[in-house]
Amino acid sequence: DGGITQSPKYLFRKEGQNVTLSCEQNLNHDAMYWYRQDPGQGLRLIYYSQIVNDFQKGDIAEGYSVSREKKESFPLTVTSAQKNPTAFYLCASSIKAGANVLTFGAGSRLTVL
Amino acid sequence: GDSVTQMEGPVTLSEEAFLTINCTYTATGYPSLFWYVQYPGEGLQLLLKATKADDKGSNKGFEATYRKETTSFHLEKGSVQVSDSAVYFCALRTNTGNQFYFGTGTSLTVIP
């Protein structure tokens with residue numbers, strides 16, 4: 001079955017360390033997104049990519065970086081510059097930018113110790 | 001700017017009770033409106049959508065009607081089940097951009 005795979009599901013990081021969250025999709029979708037979910041704040045967009053080798057900052061991009069070297073992969077790096085990285089991170093994709101339906105992965109929970 | 005405001009939870013209902021979760025939006029132009037559902041430990045799944053005024057989205061017994069005059073998209077279900085326990089997110093996508101805007105989510109617990 002097609003879908004989005006995020007890994008790892010749980011991740012612990014010490015302060016000052018960078019960490020990379022994986023997102024892979026086999027849906028042949030052009031657009032991919034990273035959201036951060038915090039209690040009581042809903043989902044906030046970190047970065048999105050409309051096509052390979054292209055990406056744009058979302059509302060809360062500071063302290064994060066991404067790459068889109070392959071259509072199926074959109075990894076997110078949480079850098080040490082991110083002041084409060086403990087959160088639930090969700091990757092999503094859509095068939096093209098501006099499409100009406102987002103397909104989500106199961107998420108990765110990052111905890112900074 | 002574009003935004004979604006939804007009813008705060010948590011909401012606790014008995015099985016077979018009627019459910020309403022309120023959602024209002026602010027947007028330029030004519031957005032598409034959505035309800036997504038998140039079951040524990042999972043990502044979000046699309047529950048229903050409506051792309052123009054007066055459209056009614058429906059799925060699994062849930063319904064929501066796009067009301068332009070009141071800028072609302074309230075979620076309803078006539079008889080909830082324990083399996084409906086989840087967090088529900090209202091969302092919009094404007095027709096001028098590629099971003100989705102999500103509400104803060106409403107947690108629903110249905111007790112037998």
Side-chain angles (χ1 to χ4, degrees), chain A residues 1-10 21-25 27 29-51 54-61 87-109, chain B residues 1-11 21-27 29-52 55 57 59 64 66 73 86-107:
Chain A
D1 286 340
I4 298 179
T5 301
Q6 290 187 240
S7 62
K9 191 170 179 66
Y10 298 97
L21 307 180
S22 171
C23 177
E24 302 279 331
Q25 54 102 354
L27 300 166
H29 285 178
D30 283 337
M32 298 186 74
Y33 310 79
W34 274 105
Y35 288 90
R36 171 178 170 143
Q37 185 178 14
D38 295 283
Q41 294 194 51
L43 277 67
R44 293 180 289 169
L45 182 65
I46 304 172
Y47 269 97
Y48 66 99
S49 167
Q50 299 184 57
I51 56 172
D54 174 76
F55 48 84
Q56 285 84 41
K57 293 181 178 180
D59 299 322
I60 56 165
F88 190 55
Y89 291 88
L90 286 162
C91 180
S93 70
S94 62
I95 192 164
K96 61 178 181 179
N100 268 337
V101 179
L102 291 177
T103 301
F104 283 85
S108 293
R109 184 167 299 280
Chain B
D2 302 321
S3 66
V4 172
T5 302
Q6 66 179 99
M7 175 176 140
E8 290 192 17
V11 174
I21 301 178
N22 291 337
C23 172
T24 58
Y25 68 89
T26 301
Y30 302 94
S32 296
L33 301 173
F34 309 84
W35 279 100
Y36 278 82
V37 58
Q38 184 180 32
Y39 297 102
E42 298 182 10
L44 280 67
Q45 304 173 25
L46 178 65
L47 180 60
L48 53 85
K49 64 181 171 73
T51 58
K52 61 182 188 296
D55 268 2
N59 186 24
Y66 188 144
F73 193 55
V87 181
Y88 293 82
F89 291 88
C90 187
L92 71 82
R93 187 186 69 77
T94 66
N95 59 1
T96 57
N98 297 324
Q99 282 202 39
F100 280 74
Y101 295 90
F102 288 84
T104 55
T106 300
S107 174

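Quick caveat: nothing in here was measured; it's all calculated off a predicted structure.
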Region of Ser107(B) in contact with chain A, defined by heavy-atom distances below 4.5 Å:
neither
Assess whether ring pair (Phe, Tyr, Trp, His ring centres under 6.0 Å) is satisfied between Tyr35(A) and Phe100(B), documenting all intermediate values.
CA-CA 10 Å; Tyr35(A) 288 90; Phe100(B) 280 74; 7.8 Å; no
If you measure from NZ on Lys49(B) to CG on Asn100(A), what distance do you get to the nearest 0.5 Å?
5.5 Å
Atom group of Tyr39(B) that falls short of 4.5 Å from chain A, counting heavy atoms:
neither
Please list, chain by chain and in numerical order, all residues satisfying side-chain hydrogen bond (donor to acceptor under 3.5 Å, both in side chains) with Ser49(A), sequence neighbours excluded.
Arg68(A)
Can you tell which part of Gln38(B) gets under 4.5 Å to a heavy atom of chain A, answering side chain, backbone, both or neither?
side chain
Roughly how far, to the nearest 0.5 Å, is CD of Glu42(B) from CZ of Phe104(A)?
13.0 Å
Looking at Leu90(A), Leu102(A), Val101(A), which has the largest count of heavy-atom pairs under 4.5 Å with chain B?
Leu102(A)
Tell me whether Ile95(A) at atom CD1 has more than 12 heavy atoms from other residues, nucleotides or ligands lying less than 6.0 Å away.
no
Leu43(A) and Tyr36(B): side chain to side chain contact (heavy atoms under 4.5 Å, CB included), yes or no, with the steps?
CA-CA 11 Å; Leu43(A) 277 67; Tyr36(B) 278 82; over 6 Å; no
Given the options Asp38(A), Asp59(A), Ile4(A), Thr103(A), which has more heavy-atom pairs under 4.5 Å with chain B than any of the others?
Asp59(A)
More than 12 foreign heavy atoms under 6.0 Å from CD of Glu8(B): is that the case here?
no
Between Arg109(A), Gln6(A), Gln37(A), who has the most heavy-atom pairs with chain B when the cutoff is under 4.5 Å?
Gln37(A)
The interface call for Lys9(A) against chain B, heavy-atom contacts under 4.5 Å, is side chain
